Amino acid sequence: MELDSIDRRILGVLQRTGRMSNSDLSEKINLSPSACHRRVQRLEAEGYIRDYVALLDARKMGCPSTIFVEITLSGQADELLDAFEREVALIPDVLECHLMAGTADYILKVVAADTEDFARIHRQHLSRLPGVQGMQSSFALRTVFKTTALPV
C-alpha cells in the first residue's frame, strides 16, 4: 500500500496526539469523519499504526535517571545472541535493546530511580545476562530532545 498525503497527515497527527476522537482528527486533516475512520482502519490493518499507548512521565513514575549500557558478549553464536535477547526482554527497567555494529554488541536504554537503583539493576539483572563479557554504562545528565514521532 502506498501512503498518500492524507495518510501521512493522519499518521503525523495521531503520533503526536493519539488520544483524539475520529471527529477531531477528521477536522484537523479536513476529511469527512467516515472517510477518516476508513483510512485509520486501513492504516491499522496494514500495520502502519502498530499500537496506541500512553506516554508516562518518568520523573513522576519514580525513574528519572536514564542510563545507556553498552554490552559486549563473549561470543557471537546464534544461541548466545538468542539467549541474551530472550533474557534482557524480561528486565522491566530496560526500555530498549539494540543489536549494534561497532565496539559493543548491544546497547540498552535503562531507567532507574538513582545510582543506587541502577547498581541494583546491574547486580541483579544485567551482570547475570547470558554471555556478558563487559559493560560500559553512561548516565544521561539531561534529556535535551526526545520524541516517539517518526518523520512522515
Side-chain angles (χ1 to χ4, degrees), residues 1-3 5 7-22 24-25 28-29 36-37 39-152:
M1 171 181 130
E2 291 270 339
L3 294 178
S5 63
D7 293 329
R8 290 180 186 282
R9 286 199 324 259
I10 289 171
L11 293 172
V13 169
L14 283 178
Q15 69 178 335
R16 283 176 180 75
T17 314
R19 190 175 185 195
M20 170 182 290
S21 71
N22 182 64
D24 290 343
L25 177 61
K28 264 200 184 303
I29 60 167
C36 182
H37 183 67
R39 281 184 179 255
V40 170
Q41 284 182 317
R42 190 182 81 238
L43 291 166
E44 291 170 349
E46 294 286 332
Y48 287 97
I49 298 173
R50 194 181 71 206
D51 220 337
Y52 294 91
V53 299
L55 300 175
L56 306 182
D57 184 303
R59 198 168 291 289
K60 289 186 179 186
M61 294 303 298
C63 47
S65 298
T66 301
I67 306 95
F68 296 94
V69 183
E70 294 179 346
I71 295 185
T72 305
L73 299 182
S74 57
Q76 293 290 310
D78 284 343
E79 301 79 30
L80 181 59
L81 297 175
D82 290 343
F84 176 87
E85 291 173 8
R86 237 185 346 268
E87 292 299 314
V88 76
L90 300 175
I91 305 170
D93 309 285
V94 176
L95 300 184
E96 297 178 24
C97 174
H98 303 272
L99 179 63
M100 303 297 290
T103 55
D105 294 311
Y106 289 92
I107 189 162
L108 310 180
K109 181 179 177 182
V110 179
V111 291
D114 50 31
T115 54
E116 286 180 28
D117 189 35
F118 179 69
R120 175 195 59 79
I121 296 164
H122 186 282
R123 258 190 335 276
Q124 292 178 1
H125 299 291
L126 302 179
S127 64
R128 296 178 183 182
L129 288 168
V132 171
Q133 183 176 9
M135 274 189 270
Q136 170 95 22
S137 302
S138 300
F139 278 73
L141 298 177
R142 178 170 56 98
T143 300
V144 176
F145 177 81
K146 180 179 176 179
T147 184
T148 60
L150 297 173
V152 292

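Just the heavy atoms: all of them, side chains too, but no hydrogens, waters or symmetry mates, feed the values below. The first residue in the sequence is number 1, and the count goes up from there. Note that the coordinates shown come from a computational prediction; the quantities given were computed from them, not determined experimentally.
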Below 3.5 Å, can you tabulate the donor-acceptor pairs from side chains in residues 113-121 to any protein atom, sequence neighbours excluded?
unit_1: D114; atom_1: OD1; unit_2: E116; atom_2: N; d: 3.2
unit_1: D114; atom_1: OD1; unit_2: D117; atom_2: N; d: 2.8
unit_1: D117; atom_1: OD1; unit_2: R120; atom_2: NE; d: 3.0
unit_1: D117; atom_1: OD1; unit_2: R120; atom_2: NH2; d: 2.8
unit_1: D117; atom_1: OD2; unit_2: A113; atom_2: N; d: 2.8

Distance-only donor-acceptor hits, side chain of residues 13-20, under 3.5 Å, sequence neighbours excluded:
unit_1: Q15; atom_1: OE1; unit_2: L150; atom_2: N; d: 2.8
unit_1: Q15; atom_1: NE2; unit_2: L150; atom_2: O; d: 2.7
unit_1: R16; atom_1: NH1; unit_2: G12; atom_2: O; d: 3.2

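At a cut-off of 3.5 Å, with distance as the only test, a side-chain donor of Q76 or D105 sits close to an acceptor on the other residue.
Scanning for side chain to side chain contact (heavy atoms under 4.5 Å, CB included) contacts around A83 gives R86, P130, with sequence neighbours left out. Among residues two or more places apart in sequence or in another chain, the side chain to side chain contact (heavy atoms under 4.5 Å, CB included) test is passed with L90 by E87. Applying the side chain to side chain donor-acceptor pair (under 3.5 Å) criterion to Y106, with sequence neighbours excluded, gives E85. Qualifying side chain to side chain contact (heavy atoms under 4.5 Å, CB included) partners for Q136, counting only residues two or more places apart in sequence or in other chains: E70. Under the side chain to side chain contact (heavy atoms under 4.5 Å, CB included) criterion, D57 pairs with R59, K60, sequence neighbours left out. With sequence neighbours left out, E96 forms a side chain to side chain donor-acceptor pair (under 3.5 Å) with H98. Remark: R39 pairs with D4, D7 by the salt bridge (Lys or Arg N to Asp or Glu O under 4.0 Å) rule, at least two apart or across chains. Partners of D82 by side chain to side chain donor-acceptor pair (under 3.5 Å), not counting sequence neighbours: none found. Contacts of E44 classified as side chain to side chain donor-acceptor pair (under 3.5 Å), with partners at least two apart in sequence or in another chain: Y52.
Surrounding NE2 of H125 are more than 12 heavy atoms belonging to other residues, nucleotides or ligands, all under 6.0 Å away.
The shortest side-chain heavy-atom distance between L108 and L126 falls under the 4.5 Å cut-off. Using a 4.5 Å heavy-atom threshold, the side chains of T72 and T103 count as separate. A 4.5 Å side-chain heavy-atom check between Y48 and L3 finds at least one atom pair inside the cut-off. Here the side chains of F139 and T66 are not in contact, with every heavy-atom distance at 4.5 Å or above.
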